[in-house]
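Note on naming: letters A, B, ... go to the chains in the order of the sequence lines (proteins, then strands), and numbering restarts at 1 for each one.
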Amino acid sequence: MLEIKFVIQNLSLVQEVLSLRGETADLKSLASCDAKRRDILLEIEALRHRRNKVSEHIAIMKKEGEDTENFVNEMRKVSGQIKNLEKILTEMEEKVKNILIGLPNIPHASVPAGKDSSENKTIKQVGKCPDFGFEPKPHWSLGESLGIFDFDRASRITGARFPLYFGAGARLERALINFMLDIHTTEHGYKETLPPFIVNRQSMTNTGQLPKFEEDLFKLEGWDYFLIPTAEVPVTNIHQGEILNEDLLPIMYVAYTPCFRSEAGSYGKDTRGLIRQHQFNKVELVKFARPETSYDELEKLLNDAETILKRLELPYQVISLCTGDLGFSAAKTYDIEVWMPAQDVYREISSCSNFESFQARRANIRFRRKGKKGTELVHTLNGSGLAVGRTVAAMLENFQQPDGSVIIPEALQPYMKTSSIQKEKKT
RNA sequence: GGAGAGAUGGCCGAGCUGGCUGAAGGCGCUCGCCUGCUAAGCGAGUGUGGGGUGAAAGCUCCACCGAGGGUUCGAAUCCCUCUCUCUCCGCCA
């Protein structure tokens, strides 16, 4: 959420951002409702002041046995007026809030301008794309023939877009999760956390998934709860409503969770393989930072995510999302895209964003500066470190051998307890 | 699922026969004093959000005692609904 004052004072800037992102909002009525809200508030406060004073006076008169009826009658009227005005005030506040909560974040100055993903800027490419002496196979057929995943059975258990792993496949997911958690906790200084996988409406609203993107979520029937689409939601909400100790900043968490996404509107896209599933595993990095260091923290976070790809010897590129491709809550986002040789494309495997105070304002996460009065909103950041299913897909494709087996990179071998994946016996 | 207890400031904890209580007391924290050092001690200050005014410091007003409603001239205190926490019983991984 943006600050109301900021929006009112920068209507044209906000309008511009909206059109850059291809969105609309009723900024005119936002301005008029806010003006009305302030007028009424002023009036209410004056009346309340009067009521407080007179009520105090009535108390004293009563003690001295004086007749208070005139005052009581007057105050009865004043209270009625206040009640009526409060009704209008609440109405105005709701209107303002409804518009405000639907406004996306303002992109940072360093974000490239552009209308869609075609105008994203490539920052760098790292690692060497493998040169096979044969036609590389897509990960789904590799995985199926190795017997390490089984999409047919998964669709019978649940439906389309659910994973079912066996043997080395299941082990590879688990190994990657542990590998990633270990690096981020022991080398990068993140604190491990294991949050709830189901959250309430407030938490979803705080991080920006709601109210606009409810169709992307799985909702629990009979409860106002949702399956998390990313650990960002429960982990960012750990500190909702808190005033953090300045000395603790930046607070850095790493969490493994499964993620659940309805993938509404992506019918027919990436129907095969592990790329787009309703359920997938992810290791997520989340930071709470001082505003003045948040962009340095974003670079570090990106670097922390990149480390995983480097250790796994996977080729990738980093892109900076342009204004038109930026997510709703983000002020700046880097995507890391891993090389998928069978499809001859880079695919997103991590998304690292700085939300500045956008989420913190919604979730009311603040800190106090030493020697300064008042509080200040923190900046929140997060990034995948990494999406596990897509890492499995990339490993299969990049490390496949002519005989259909897959080599395990050295760094992961202690976790896999093997140096290659061979065909599983089918059950 | 049944029965009961509770939710107050950064923390602990009074108040809850309605009226100088934004809230006692303690702890913590900040500044000052004292002390050879540490500990202790002494003094002062210390919630959040919003509005008005002011260059600023400040002054001033309004709201907030889990959330939302109600009663009343007036609610932390009374009533209703909800949420959460704890204890006991039952059930269960």
Salt-bridge contact [X]-[Y] (side-chain N to carboxylate O under 4.0 Å):
{"X": "A:Asp224", "Y": "A:Lys219", "answer": "yes"}
{"X": "A:Lys97", "Y": "A:Glu93", "answer": "no"}
{"X": "A:Arg276", "Y": "A:Glu263", "answer": "yes"}
{"X": "A:Glu94", "Y": "A:Arg37", "answer": "no"}
{"X": "A:Arg48", "Y": "A:Glu86", "answer": "yes"}
{"X": "A:Glu232", "Y": "A:Lys282", "answer": "no"}

Just how far, in rounded Å, is [atom2] of [N] from [atom1] of [X]?
{"X": "A:Met61", "N": "B:C20", "atom1": "CE", "atom2": "P", "value": "17 Å"}
{"X": "A:Ile4", "N": "B:G51", "atom1": "CD1", "atom2": "C1'", "value": "15 Å"}
{"X": "A:Lys63", "N": "B:G74", "atom1": "NZ", "atom2": "C1'", "value": "14 Å"}
{"X": "A:Ile8", "N": "B:G51", "atom1": "CD1", "atom2": "P", "value": "12 Å"}
{"X": "A:Asn245", "N": "B:G10", "atom1": "CG", "atom2": "C1'", "value": "10 Å"}
{"X": "A:Gln202", "N": "B:G66", "atom1": "CD", "atom2": "P", "value": "18 Å"}
{"X": "A:Gln81", "N": "B:G74", "atom1": "CD", "atom2": "P", "value": "13 Å"}
{"X": "A:Arg76", "N": "B:C73", "atom1": "CZ", "atom2": "P", "value": "4 Å"}

(request) Take A:Leu41 and A:Asn73, find for each the nucleotide of RNA chain B with the closest heavy atom, and name the residue whose nucleotide sits nearer the 5' end. (result) A:Leu41

(message) Using heavy-atom distances to pick each residue's nearest nucleotide on RNA chain B, tell me which of A:Glu56 and A:Arg366 is more 5'.
(response)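 It is A:Glu56, whose closest nucleotide lies nearer the 5' terminus.
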
(message) Classify the ring geometry of A:His278 against A:Phe218: parallel below 30°, tilted from 30° to 60°, perpendicular beyond 60°.
(response) perpendicular

(request) Give the ring-plane orientation class for A:Tyr190 versus A:His188, where under 30° counts as parallel, over 60° as perpendicular and anything between as tilted. (result)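 Judged by the thresholds at 30° and 60°, the geometry between A:Tyr190 and A:His188 is perpendicular.
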
(request) From the options A:Ile308, A:Leu302, A:Leu309, select the one residue that forms a side chain to side chain contact (heavy atoms under 4.5 Å, CB included) with A:Glu306. (result) A:Leu302

Considering only atom [atom1], compute the distance from [N] to [M] and round it to an integer number of Å.
{"N": "B:C88", "M": "B:G66", "atom1": "C1'", "value": "24 Å"}
{"N": "B:C11", "M": "B:G28", "atom1": "C1'", "value": "7 Å"}
{"N": "B:A67", "M": "B:G90", "atom1": "C1'", "value": "31 Å"}
{"N": "B:G45", "M": "B:A23", "atom1": "P", "value": "13 Å"}
{"N": "B:U48", "M": "B:C37", "atom1": "P", "value": "34 Å"}
{"N": "B:G15", "M": "B:C65", "atom1": "C1'", "value": "10 Å"}
{"N": "B:G13", "M": "B:U21", "atom1": "C1'", "value": "15 Å"}
{"N": "B:A24", "M": "B:A44", "atom1": "P", "value": "15 Å"}

When both hydrogen-bonding distances must be under 3.5 Å and the geometry is Watson-Crick or G-U wobble, what is [N] paired with, if anything?
{"N": "B:U21", "value": "none"}
{"N": "B:A55", "value": "none"}
{"N": "B:U38", "value": "none"}
{"N": "B:C84", "value": "B:G6"}
{"N": "B:C31", "value": "B:G43"}
{"N": "B:A76", "value": "none"}
{"N": "B:G90", "value": "none"}
{"N": "B:C65", "value": "none"}

Among [options], which nucleotide has an atom closest to any side-chain atom of [X]?
{"X": "A:Ile243", "options": "B:G19, B:G52, B:U48", "result": "B:U48"}
{"X": "A:Thr375", "options": "B:G52, B:G49, B:C73", "result": "B:G49"}
{"X": "A:Ser55", "options": "B:G49, B:C84, B:G74", "result": "B:G74"}

Measure all distances between protein nitrogen or oxygen atoms and nitrogen or oxygen atoms of nucleotides 56-63 of chain B, and list the pairs falling under 3.5 Å.
{"from": "B:C61", "atom 1": "O3'", "to": "A:His49", "atom 2": "ND1", "distance (Å)": "2.7"}
{"from": "B:C62", "atom 1": "OP1", "to": "A:His49", "atom 2": "ND1", "distance (Å)": "2.8"}
{"from": "B:C62", "atom 1": "OP1", "to": "A:Asn52", "atom 2": "ND2", "distance (Å)": "3.1"}
{"from": "B:C62", "atom 1": "O2'", "to": "A:Arg48", "atom 2": "NE", "distance (Å)": "3.3"}
{"from": "B:C62", "atom 1": "O2'", "to": "A:Arg48", "atom 2": "NH2", "distance (Å)": "3.3"}
{"from": "B:A63", "atom 1": "OP2", "to": "A:Asn52", "atom 2": "ND2", "distance (Å)": "3.4"}

(request) Report yes or no: does A:Arg21 contribute a side-chain atom to a donor-acceptor pair with the main-chain N or O of A:Gly327 at less than 3.5 Å? (result)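 Yes.
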
When we call it a touch if two heavy atoms are under 4.0 Å apart, what does [X] touch: a base, just sugar-phosphate, or nothing?
{"X": "A:Leu42", "result": "sugar-phosphate"}
{"X": "A:Lys62", "result": "base"}
{"X": "A:Thr68", "result": "nothing"}

(message) I'd like to know whether the aromatic ring centres of A:Tyr295 and A:His108 sit less than 6.0 Å apart in this structure.
(response) yes

(request) Verify the ring-centre separation between A:Phe358 and A:Phe328: is it less than 6.0 angstrom? (result) yes

Report yes if a side-chain nitrogen or oxygen of [X] is closer than 4.0 Å to either non-bridging phosphate oxygen (OP1 or OP2) of [N]; otherwise report no.
{"X": "A:Lys83", "N": "B:U71", "value": "yes"}
{"X": "A:Arg368", "N": "B:G47", "value": "no"}
{"X": "A:Ser79", "N": "B:U72", "value": "no"}

(message) For RNA chain B, which residues of residues 25-34 of chain A approach it to below 4.0 angstrom with any heavy atom?
(response)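 Result for residues 25-34 of chain A: none.
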
(request) For side-chain contact (heavy atoms from CB on, under 4.5 Å), just list the numbers for A:Phe399 and A:Leu314, CA-CA rounded to whole Å, side-chain angles, deciding distance to a tenth of an Å, and then say yes or no. (result) CA-CA 9 Å; A:Phe399 304 142; A:Leu314 288 168; 3.7 Å; yes

